[in-house]
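Both ligands and their constituent atoms are indexed starting at 1 by order of listing. Keep in mind it's a predicted model, so treat the numbers as computed, not measured. Only this structure's heavy atoms are used, side chains among them; waters, hydrogens and symmetry mates stay out.
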Amino acid sequence: MFADTDLLAPDPILGLSKLFADDQRPTKIDLGVGVFRTKEGVTPIMKAVAEGEKRVTEKQASKVYTPADGAPGFGDAIMTLALGADHEAMKSGRSAAVQAPGGCGALRLAGELLTRVGASKIVIGAPTWPNHKPLLTAAGATIEMVPYYDAAASVVLFDQFKDAVSKLGPSDVLLLHGACHNPSGADLSHEQIDEIIAIAAERGFLVLIDSAYHGFAADLETDAYIIRAAAERLPEVLVTYSCSKNFGLYRERTGALIIIGEDRDRAAAVKSHALNIARANYSMPPAHGGAIVAEILGSPDLAGAWREELAAMAERVRANRKLLVEAASAHGLGNRLSYIASQNGMFSLLPTTVEQVTAMREKHGVYAVGAGRINLCGVHEDNVETLVSAVADVLS
Ligand code: LMR
């Protein structure tokens with residue numbers, strides 16, 4: 001059966017973690033996979049999460065199946081977090097949620113759902129998260145990339161993006177990143193979001209928002225602008241939501257597909273298909289992470305503590321951005337990396353090529369993804385000089 005099965009190359013992001021772990025150089029710098037890390041390189045369990053987990057475990061009397069849409073209370077809690085309790089889509093009941101195994105699981109559900117209803121293509125601004133295309137293609141979708149960001153010039157190509165989006169029709173889907181664009185860190189402004197939503201309203205295509213870093217740009221409310229504005233102004237929206245980063249629940253695989261329908265009945269119908277797809281795939285999501293999120297968001301003391309911890313994590317990444325830009329400038333790179341200070345979330349793209357990234361890894365032990373995606377969590381006072389020397393060396 002498997003005589004001709006070839007050995008595949010490791011995943012471009014996950015494979016890098018193994019390479020880094022195997023590197024024996026003490027000066028190595030990990031700017032790879034998108035996880036939050038402290039200066040010590042640790043991805044801590046958030047205190048509110050540890051306490052929420054304790055409460056969940058204490059209350060848990062059975063491991064019997066949860067309902068098909070996930071841990072009780074999770075769907076409502078995550079919709080409230082994303083949309084806000086007073087949002088019209090919440091009050092009218094035209095929003096519904098299905099827990100999924102992480103943001104990836106939510107994207108897989110969305111992809112299969114869109115394939116099932118006959119979507120022509122999913123259009124994504126380039127560059128995008130390296131797993132978008134394989135994941136959504138495996139779900140049966142056809143992907144088309146359009147210009148979004150110029151890494152060499154470090155600018156969003158908004159006019160080109162808008163032109164491409166203006167050509168979409170009612171059978172198309174536009175995937176937009178929630179706050180903290182992966183890999184560029186270059187988000188649309190609220191005005192630009194308004195423009196894209198207005199085009200979607202006029203042209204009738206579906207907007208799918210992939211939100212994996214909610215709370216890491218400005219704060220939970222500001223970061224939700226794109227979701228709330230789209231859900232308010234468009235009849236139908238899908239949101240794939242990840243709790244990996246903002247709750248630090250990476251390995252618990254906790255996410256959601258949020259469905260905004262034209263009315264309550266449409267949302268319920270679409271949800272029934274999402275559940276049907278999940279049943280034919282993995283039956284139901286792992287409950288544990290969803291139960292923890294529901295416990296945190298349903299307990300005022302834990303919710304407050306979680307918000308504070310998340311804000312502190314986001315602040316650390318912003319401080320690291322500043323640190324890198326200042327060190328680069330002091331090192332003689334002038335303003336070449338100054339754009340990094342004004343971008344959002346964990347990632348930015350260096351103005352490098354794949355060859356230069358390979359040279360940074362091999363010569364200097366600096367690990368970046370693809371053609372130069374860096375996770376700012378890996379930067380700190382003690383390694384920033386090594387990092388900017390490596391960047392300056394390969395750029396020279
Ligand atoms: C990343 O982009 O590094 C993260 O979203 C982790 C992943 O699954 O790729």
Side-chain angles (χ1 to χ4, degrees), residues 8-21 29-38 41-44 100-111 124-139 143 145 148-149 151 175-187 208-217 223 239-257 285-286 289 310 313-314 316-317 320-321 340 343-350 354 357 361 366-379:
L8 294 178
D11 178 83
I13 295 179
L14 305 181
L16 207 61
S17 301
K18 162 118 181 64
L19 276 186
F20 181 81
I29 302 176
D30 186 1
L31 308 178
V33 65
V35 301
F36 177 81
R37 281 193 306 268
T38 63
V42 176
T43 303
C104 283
L107 278 162
R108 175 74 190 213
L109 284 183
I124 312 178
T128 195
W129 177 48
N131 205 27
H132 270 146
K133 197 170 174 186
L135 195 164
L136 292 167
T137 306
I143 306 300
M145 301 303 295
Y148 177 78
Y149 182 78
L175 187 151
L176 293 172
H177 290 235
C180 308
H181 186 268
N182 181 1
S184 73
D187 289 337
L208 159 63
I209 301 166
D210 186 20
S211 175
Y213 297 86
H214 184 197
F216 275 93
D223 290 9
V239 181
T240 50
Y241 193 98
S242 169
C243 300
S244 293
K245 283 82 183 188
N246 56 2
F247 286 88
L249 281 168
Y250 308 90
R251 68 173 63 166
E252 301 297 353
R253 311 309 302 133
T254 309
L257 173 65
L310 173 58
M313 289 198 293
R316 175 176 145 74
V317 190
N320 289 353
R321 288 184 173 277
I340 290 176
Q343 294 178 332
N344 290 329
M346 292 187 188
F347 309 121
S348 279
L349 283 169
L350 293 174
V354 173
V357 166
R361 186 172 69 239
V366 173
Y367 285 71
V369 174
R373 190 192 81 171
I374 54 169
N375 177 358
L376 276 298
C377 295
V379 180

Please step through side-chain contact (heavy atoms from CB on, under 4.5 Å) for the pair Ile143 and His132, ending with a clear verdict. CA-CA 9 Å; Ile143 306 300; His132 270 146; over 6 Å; no

Side-chain contact, heavy-atom cut-off 4.5 Å: Phe36 with Tyr250? yes

Side chains of Ser211 and His214, donor plus acceptor under 3.5 Å: no

Can you sort out the partners of Asp30 under salt bridge (Lys or Arg N to Asp or Glu O under 4.0 Å), two or more places apart, ordered by chain and number? Arg37

Test applied, side-chain contact (heavy atoms from CB on, under 4.5 Å); reference residue, Tyr367; option that passes from Leu16, Val33, Ile374: Leu16

Please state which protein non-hydrogen atom is closest to atom 9 (O) of ligand 1 and give its distance, to 0.1 Å? Trp129 NE1, 3.0 Å

Which residue and atom name correspond to the protein heavy atom nearest atom 4 (C) of ligand 1, and how close is it? Lys245 NZ, 3.5 Å

Side chain, backbone, both or neither: the part of [X] lying under 4.0 Å from ligand 1 by heavy atom:
X	result
Tyr213	side chain
Val35	neither
Arg373	side chain

Going by the atom numbers of ligand 1, which of them fall below 4.0 Å from some non-hydrogen atom of Val33? 3 (O), 6 (C)

Could you say whether the N/O atoms of Gly34 and ligand 1 ever approach to under 3.5 Å? yes

So, for Tyr149 and His181, is the gap between ring centers shorter than 6.0 Å? no

Is Ile13 near ligand 1, meaning one of its heavy atoms is under 4.0 Å from it? yes

